[in-house]
2 protein chains.
Amino acid sequence: MKIGIPLETCPGETRVASTPDVVKKLVGKGFEVLVEAGAGVAAGYPDAEFDAAGARLTDRADAFDVDLLLKVRRPQADEVQAMRAEGVYVGLLESCGEDEIVSAMLAKGMRVLGMERMPRTSRAQSMDALSSQSNIAGYRATIEAAARYGRFFPMMMTSAGSAKPARVVVLGAGVAGLQAIATARRLGADVHAYDVRPETREQIISLGAKPIDLDLGESGSGEGGYAKELSDEAKARQQAALGDALAKAHVIVTTAQIPCRPAPVLVTEEVVQRMRPGSVIVDLAAGSGGNCPLTVADEVVVRHDVTLVGFTNYPAMVPADASAFYARNLLNLIEIMVSPGDSGIELADLTQDDITAAMLVSAAA
Amino acid sequence: MKIGIPLETCPGETRVASTPDVVKKLVGKGFEVLVEAGAGVAAGYPDAEFDAAGARLTDRADAFDVDLLLKVRRPQADEVQAMRAEGVYVGLLESCGEDEIVSAMLAKGMRVLGMERMPRTSRAQSMDALSSQSNIAGYRATIEAAARYGRFFPMMMTSAGSAKPARVVVLGAGVAGLQAIATARRLGADVHAYDVRPETREQIISLGAKPIDLDLGESGSGEGGYAKELSDEAKARQQAALGDALAKAHVIVTTAQIPCRPAPVLVTEEVVQRMRPGSVIVDLAAGSGGNCPLTVADEVVVRHDVTLVGFTNYPAMVPADASAFYARNLLNLIEIMVSPGDSGIELADLTQDDITAAMLVSAAA
């Protein structure tokens, strides 16, 4: 069975869907692994390492013409054309509702597995790319905040006097938010955190941060542990109650996103105006409208003397580890997708396992 | 007595020689403080805050035409022209040996105090700008390394597998090196450190790092706690012995500088070639030739798949705290420079105090 690892061509993307370590394991299981020349270079994995791991380095067409195509980012239309009919696609789809690209793959008789559709069960945890990549995003976003902030994160006691620790507020205590909290705590900041889901409170405290408690009159806990959208009334109450806590912050890392919905506005322009000059907001929801309306996707802007960082792809800024984690997610998934057969590896019936069944995109979707 | 705080115009400079907090203290002591409009903006201190602190916001000419001029960076020739004859200059001179700028100030009858000349005594510690700024440089250089490195600094145990901590080697355990060690340790890296002065070993260990021990056959300890230049034979022995420890590093932060001498080469091209692709070298000696010959001052370059960061002004990347510390250094110095007299504040005889005497540049220098 042929596995293909093409170069990711989405602008700014540096990750690759597999690494030499994982390729070696796949080859050991009997797969033939085709890696497009240069696919891993931006992530820090040179062709020579893939070659040494047992991959065959190929051109772009060969990397797409495979039984099992592994991708990081949503494919482009010309890439779909290059895919093998009846093949299997595994990767992030970044789609909501009607989707021409997915329809085109299905029309070719392909089976399409969307990594975003991974169930949030303990068995699926080791395959969960949204989690592994969000973890990296939370870390890197906090490093970015520290690099953009004109003061120390930690408290400093020096002979020239002391500096107070930065007051960091993290909004959203999902995987990204919790890693942002942990990283800011490592750097010695005074960290406060808020999440609409009351059950996150203990996790915030266990990382050494202080939970911000608001009474919204309803819970924001949704299906599968994700946040759901609040009522308009609760949204307004949330913005008002958060305002004072946010205006005192020197650094805000916002991570509040709702799948296939615009991100909620948590940091209003009025709050930005009240922040101390030189403060920093890193808005991880920049790609879905931002948790602050002043955020500009993929740009760093200064508004009211506050720096707003709108990068939309933090995992691509830590490409070696992001690719390594993603590749291991895929490896763990592949293990439940295939079984040894009489004439080599055989694809299992993907509708039979609840993980692959949940990931499969049907024509109706 | 008039104190002047001009805007720093050196390219890339964002610091300012005083802050609203310190200005308020100076005004409280009876000084008239003139701040050039916009002087603090890049550091995060708007004009309104200086105004509220009791400063008079002025144009450029007025900020220079003062009794006591406070500067961060070495002045330009046109700035010297704007200075008041018989005035006092306090700031970094960034000069070695013959210096036309300093001569021009002395020719005007000015007294010139070089902040680099601060004695390394415990009484002078609170005025020591080299230390306060090096501390910031060590912190910010490590944040830069974390931002440029394609992997996590901390060890990560996730459901998708684990990531080992970054192996960070810090060269030079002066103020910058020690803060680089402390910051990398905060971020969870596995930190190793080397200094030519054997007495730094205990400090390295106390910060949780592992000292790299080499036998050079001589000590590199020089006057005042600074490193001295080694013999050619010891230099060669050092490079060879360091090679293996450095080639295993994922991140190197080098801080080895010798006052008014080219920086020693500690990271050879051969070592860079042996490092893992994606490794990062942050060379804090970039401004004086670099501890690695591949470093390019004020640029970030990739050589042999290793990123070399050659920024030369890290304090300017943390301008709010860097200015605050520098301003407090100056405030502490001013306290020993003046005394209350019958008709207001009077300048003391600067040759009488051992600190100001050491800082004074004479025509002979």
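By convention in this document, chain letters (A, B, ...) are assigned in the order of the sequence lines, proteins followed by strands, and residues within each chain are numbered from 1. These numbers were taken from a predicted model, which means no experiment stands behind them.
Using a 4.5 Å cut-off between heavy atoms, A/S131 makes no contact with chain B at all.
Taking B/R274 as the reference, B/D244, B/E270 meet the salt bridge (Lys or Arg N to Asp or Glu O under 4.0 Å) condition, with sequence neighbours excluded. A/Y139 meets the ring-ring contact (aromatic ring centres under 6.0 Å, His included) test with B/F152; sequence neighbours excluded.
Across B/I136, B/N135, B/D128, the residue that shares the most heavy-atom pairs under 4.5 angstrom with chain A is B/I136. In terms of heavy-atom pairs under 4.5 angstrom with chain A, the leader among B/S122, B/A163, B/A129 is B/A163. The residue among B/S279, B/G278, B/S162, B/A316 with the most heavy atom pairs within less than 4.5 Å of chain A is B/S162.
Using modelled atom types, no side-chain atom of A/S132 and backbone atom of B/A160 make a donor-acceptor pair closer than 3.5 Å. Here the side chain of B/R140 pairs a donor or acceptor atom with the backbone of A/A147 at under 3.5 angstrom.
Annotation: residues 322-336 of chain B contacts chain A through B/F325, B/R328, B/N329 [non-hydrogen atoms, separation under 4.5 Å].
The line from CG of A/L187 to CG of B/L187 is 4.5 Å long, rounded to the nearest 0.5 Å.
Closest non-hydrogen pair, B/M155 versus A/R186, comes out as O-NH2, 4.2 Å.
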Could you list the donor-acceptor pairs under 3.5 angstrom formed between side-chain atoms of residues 41-50 of chain A and any protein atom two or more places apart in sequence or on another chain?
unit_1	atom_1	unit_2	atom_2	d
A/Y45	OH	A/A320	O	2.7
A/D47	OD1	A/G38	N	2.7
A/D47	OD2	A/G38	N	3.1

